[in-house]
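For reference, the structure discussed in these notes is given below.
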Amino acid sequence: MPNSRTGVLLPLPVSGPYDYLPPANEPGGLPARGTLVRVPFGRRYLEGVVWGEGAGDVDAAKLKPIRDVLEAPPLPGVLCDFIDWVAAYTLHPPGAVLKMALGAPGALAPPETTTVLRRSAAPQLPRMTEPRQRVLDTLAERERAGLGLLGAADLARAAGVSAGVVSGLVGAGVLEPVSSRREFAVPLPDGDSPGPVLSDGQRDAADALGISVSKREFEAFLLHGVTGSGKTEVYFDALGQAFKENRQGLVLLPEIALAARWPERFEKRFGVMPLTWHSRMTPAARRNVWRAVASGEARVVIGARSALFLPFPDLGLIVVDEEHDASYKQDEGVAYNARDMAVVRAKLGGATVVLASATPSLETMENATQGRYQYLHLPERHGAATLPRIDLIDLKRHGPERWYGPGGPSGEDDRGQVGFVSPPLVEETRTALAAGEQVLFYLNRRGYAPLTVCRACGDRIACPHCTAWLVEHRGPGSVPDRGGRRLLVCHHCGFSRPVPPTCPSCSAEGTLFPCGPGVERLAEEVAARFPEARVVLATSDTLRGPAEALELGRRMTAGEIDIVIGTQIMAKGHHFPLLTLVGVIDGDMGLSGGDPRAAERTYQLLHQVAGRAGRAGRPGRVFVQTLDPRAPVMQALRAGDPDTFMAVESRERQMTGMPPWGRLVALIVSAEDEGAAQAVARALGKAAPEAPGVRVLGPAPAPLSRIRNRSRFRLLLKAEKGVRVQAVVRSWLQKVKIPSSVRLQVDVDPVSFL
DNA sequence: AGCACGCCGACT
DNA sequence: GTCGGCGTGCTC
Ligand SMILES: [Zn+2]
Ligand SMILES: [Zn+2]
């Protein structure tokens, strides 16, 4: 008997596809792989995807027929293959990966409709009034002008009448409501638009990419473009080539950069705004983009990491810009690295993939050295902004002075406030401001102060749900001395409470004081030290969307701002012609804690921040405040010598068997009950594999040992490069029974060790 | 992921 | 005596 079952993958974390019978009403046999269907599942219906022939390992009596085939373009075969590949690599269920690909919610929703009003065939009105006539005139005018129908509220507004007039006409049967499909116009970039003249270096790189795109075969490139080399123009050129070949393009950016002005640059080059894909989209926008991609109408999408799972039927080019950025790694749910999976996606689809960065990751550099990626180096262009000179300020020798508010010391015992800007940086800032130039103070710490301490008992205020200190936030415009809001916020779970009037531990009154720097606190100091300067904060709290980012850019360019105090959001994308001085307040931040990539990341981040200073013809200056100016990463920044630094980093990782010279898989065991989590973690430790070239470290309490009221333990599997870690881990996990109250997160190639 | 089944504490 | 808590397991 032929296999009349079909496997259907459901967007659920179950181990694999479930078998179904073909739909009763479809005589055409088994639907093809990728077909979107609705199937009965338990006592409900779910959307799923036909995954292939049924496995046949389940009792025929249990089989139910597919209820129906959905009116939606099927998932391209290459996406189905990709989902299987990612699931096998990350050790997460394929259904969990499918869930990301369906872009839930909304991708499969029916097309958006709105109710509009049109003139009915009904005869004349019993009573015609002047407002009523105006509505009918408006309708007639719009029809003559070829404009579409409007909903009740819009029609009333267009005619300048109240809503009651329109509803009266509907009631009288003169207007009738009809449902209209809201059309979505897919922007069509112009691949033939010439673009700017490229330098010789850019031309060579762009040609190499263009030829690769035309070949329609998998090829991977590292586009190493130093600051000012114009790497964006190079991959724009390759995108244009993809459009000409009638293939689709995808540009991945770190989520934070999407908020900035990147889409504008695309528009300047190709004449239309690009379609974008990110986590904060409405379901309707999600649906529109998803469908436009699936139908092939969308020529290019700019997106955050999840855009990699969009249903491109013919993806010819993937660009991963800022490929070193750690935010390409997703740690929760399916733990995947979009940068690495982009290479896989390109391989499965016969596409070109470009990893672009001014400071490539060690992993990508090694892949280029080994010849797996072709190496394209872009030298800086003549006359372009170059990376400014970086100087170090030793905080041990140049400790920041205390400072006073506008009135100066209030008495003899007023010792003023703790400062974070050292005298040399204050001096440089004065000079720059006097020259009418702009200054950026970089501090990657949101809020007012990262810690609140009681000076009576020494107690530090922690989150009740996490092992983390609460961060004080004051918010823009609030004046704490006059009863403004002072909130303590947990950056891990979102818990917040007002700063209490008395110490929660010893009940002493007025003894709680902020400890350590945050951008809001830094802003106070800067305002006091440079009273004439116009100061703004640029953080994810103040730049919540593209509109705010654009407005900041406008004010900066117009010279309406003197000093910006910014977090990581300022490290990306923005370039301001008047900004010539960057002061890094805490260069050592991120260097503590046992992360093998800490120094590398610090280099990449500070290099990127440094790139904000300077412009053509007037190089900027960068000062990094540090307690350890002799640290290799600081010396490398000062010397502008990433190559030596990366070589040393590489050797260090080689000696310790760390990536890219070895493989890592992290297991994170968490549960509300600490004992339950610990028991499972210990059982996993006992059952650890003893294969050659494999070592298991832990279990140990995670550095963040409790988040959202869940206790966390970590184990780390370290393997030599050739080891098939997935097989090792899969058989390891089979040996340990995990109760449902305990969650086990598997993280292949971990980036975060918290 | 839902949703039901099932076995132990405090309620009409 | 029942109502309901959520731990365990199943869904083709
Ligand atoms: Zn106290
Ligand atoms: Zn918390």
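If you're wondering where the values come from, they're calculated on a predicted model, not measured in any experiment. Chain letters run A, B, ... following the sequence lines, proteins first, then strands; residues in each count from 1.
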For residues A/S705 and A/R712, is any side-chain donor paired with an opposing acceptor at under 3.5 Å? no
Atom CG of A/L102 and atom C1' of B/dA1: how far apart are they, to the nearest Å? 14 Å
Need one value for A/V39: base, sugar-phosphate or nothing, where a base atom within 4.0 Å counts as base even if backbone is also close, heavy atoms only. nothing
For A/K62 and C/dG9, give me the distance from atom NZ to atom P, rounded to whole Å. 15 Å
For A/F41, report the nucleic acid contact type (base, sugar-phosphate, nothing); a contact means any heavy atom under 4.0 Å. base
Is it true that A/S361 and A/E323 share a donor-acceptor pair across their side chains at a distance under 3.5 Å? yes
Out of C/dT8, C/dT11, B/dA1, whichever nucleotide has its closest atom nearest the side chain of A/S740: C/dT8
What does A/P11 touch in the nucleic acid at a heavy-atom separation under 4.0 angstrom: a base, only the sugar-phosphate, or nothing? nothing
When the distance from CG of A/L98 to P of B/dA1 is rounded to whole Å, what number comes out? 14 Å
Distance below 4.0 Å between A/R5 side-chain N/O and C/dC12 OP1 or OP2: no
Short side-chain N/O contact from A/K99 to OP1 or OP2 of B/dA1, under 4.0 Å: no
From CG of A/D19 across to P of C/dC12 the rounded distance in Å is 11 Å
Whole angstrom is fine here: how far is it from CG in A/L46 over to C1' in B/dG2? 9 Å
Considering only heavy side-chain atoms of A/K737, the closest of B/dA1, C/dG9, C/dC12 is C/dG9
What is the separation between atom CZ on A/R44 and atom P on B/dA4, rounded to the nearest whole Å? 10 Å
Classify the side-chain pair A/E672/A/N709 by whether it contains a donor and acceptor separated by less than 3.5 Å. no
Please check the phosphate of B/dC3 (OP1 and OP2 only) for any side-chain N or O of A/R43 closer than 4.0 Å. no
Whole-Å distance between C/dC12 C1' and A/D59 CG? 10 Å
Counting side-chain heavy atoms from C-beta on, which of C/dT8, C/dT11, B/dA1 comes nearest to A/P739? C/dT8
Rounded off to whole Å, could you give me the CG-to-P distance for the A/L63 and C/dT11 pair? 12 Å
N or O in side chain of A/Y20 less than 4.0 angstrom from C/dC12 OP1/OP2: yes
Check: A/F309 ring centroid to A/Y336 ring centroid under 6.0 Å: yes
Parallel, tilted or perpendicular for A/Y18 and A/F41, by the 30°/60° rule? tilted
